[in-house]
Amino acid sequence: TQLLEQSPQFLSIQEGENLTVYCNSSSVFSSLQWYRQEPGEGPVLLVTVVTGGEVKKLKRLTFQFGDARKDSSLHITAAQPGDTGLYLCAGAPQINDYKLSFGAGTTVTVRA
Amino acid sequence: KAGVTQTPRYLIKTRGQQVTLSCSPISGHRSVSWYQQTPGQGLQFLFEYFSETQRNKGNFPGRFSGRQFSNSRSEMNVSTLELGDSALYLCASSTRLAGGTDTQYFGPGTRLTVL
């Protein structure tokens, strides 16, 4: 059983469309991170959110941390084929806790 | 700065054998964590080493072990390999700053196949 539940598992959209990936848990996290992983590579950190209600923007990507610090979302505006990849959320239960729990991931495919 | 390097990138072993994987962290990083990634279970935490000491451990059997050297390089060992150990093994390094979150930088992984 995953501590962090990601949805949807798969997402296939046309270039230019928007998409949202969700990461939910019944547990509280001191911080939550989003990674993107491409085939044959390790995950690359996109963002870390630490404050409940926090919203961070990274170009066309918007990340939100729930008020209760139990959930998060990743929204991509005007998706491009380069956004294709496996998106993973990961949570640290406590500060200074390096034992990250990962969601199962969302495979995003953006068609040209 | 060079990234996290892992060797070998690919490995094929048979059941019952043992294997050692190596990870060199980013220069200056003293924390190394190991993860196992499989299609069924996703990314699961194995253990973390900092200053040559294991600081955290996941829920894996004792066949999985690791160590860290004085130069922060780390190795993980899996003994008596089983088919279910086939996975991508990822190593991540960080500075392990006190008092807050810390970015973990992942290597490309070692793809282990057990036949």
Side-chain angles (χ1 to χ4, degrees), chain A residues 1-10 21 23-25 27-52 54 56 58 63 65 69 72 85-107, chain B residues 3-7 9-10 21 23-26 29-51 53-60 68 74 87-111:
Chain A
T1 304
Q2 299 279 2
L3 197 59
L4 286 163
E5 298 291 333
Q6 279 188 247
S7 61
Q9 188 177 357
F10 299 97
V21 178
C23 178
N24 296 296
S25 177
S27 301
V28 175
F29 291 93
S30 67
S31 68
L32 205 139
Q33 303 174 0
W34 284 93
Y35 292 82
R36 186 165 75 99
Q37 185 178 20
E38 297 189 27
E41 300 295 330
V44 175
L45 181 72
L46 297 173
V47 78
T48 299
V49 285
V50 296
T51 306
E54 182 177 4
K56 277 192 175 179
L58 186 68
F63 304 86
F65 201 12
R69 290 185 287 132
S72 180
L86 176 67
Y87 288 82
L88 296 156
C89 65
Q94 302 170 28
I95 289 176
N96 291 339
D97 191 332
Y98 293 84
K99 186 177 176 179
L100 288 180
S101 295
F102 279 82
T106 295
T107 300
Chain B
V4 178
T5 58
Q6 292 188 244
T7 56
R9 291 293 308 274
Y10 303 92
L21 312 181
C23 171
S24 292
I26 292 172
H29 287 193
R30 296 168 62 194
S31 168
V32 173
S33 297
W34 288 90
Y35 295 83
Q36 181 196 65
Q37 187 175 29
T38 60
Q41 299 296 320
L43 262 154
Q44 293 188 294
F45 175 82
L46 279 156
F47 28 65
E48 183 224 352
Y49 285 87
F50 177 74
S51 293
T53 302
Q54 189 180 89
R55 299 304 178 108
N56 277 299
K57 190 177 189 306
N59 298 322
F60 278 82
Q68 187 179 35
S74 177
L88 180 67
Y89 290 88
L90 292 159
C91 157
S93 79
S94 69
T95 56
R96 212 180 201 271
L97 297 171
T101 59
D102 194 13
T103 298
Q104 294 198 27
Y105 296 88
F106 283 83
T110 293
R111 172 73 62 186

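Order of the sequence lines fixes the chain letters, A, B, ..., with proteins taken first and strands second; residue numbering starts at 1 for each chain.
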ask   = Can you tell me how far the CZ atom of Phe102(A) sits from the OH atom of Tyr35(B), to the nearest 0.5 Å?
value = 5.0 Å

task = Go through the structure and list residues passing side-chain contact (heavy atoms from CB on, under 4.5 Å) with Glu41(A), not counting sequence neighbours.
result = Pro108(B)

query = Between Pro43(A) and Leu43(B), is any pair of side-chain heavy atoms under 4.5 Å apart?
reply = yes

task = For Glu54(A), enumerate each residue passing the side-chain hydrogen bond (donor to acceptor under 3.5 Å, both in side chains) test, keeping only those at least two apart in sequence or located in another chain.
result = none

request  = Considering only heavy atoms and a distance below 4.5 Å, find which of Lys57(B), Gln37(B), Arg111(B), Arg55(B) pairs most often with chain A.
outcome  = Gln37(B)

request  = Tell me, for Leu88(B) versus chain A, whether the close heavy atoms (under 4.5 Å) come from the side chain, the backbone, both or neither.
outcome  = side chain

ask   = What do you reckon, is OH of Tyr105(B) surrounded by more than 12 foreign heavy atoms closer than 6.0 Å?
value = no

message = Let me confirm one number: the OG-CG distance from Ser94(B) to Leu45(A), rounded to the nearest 0.5 Å.
response = 11.5 Å

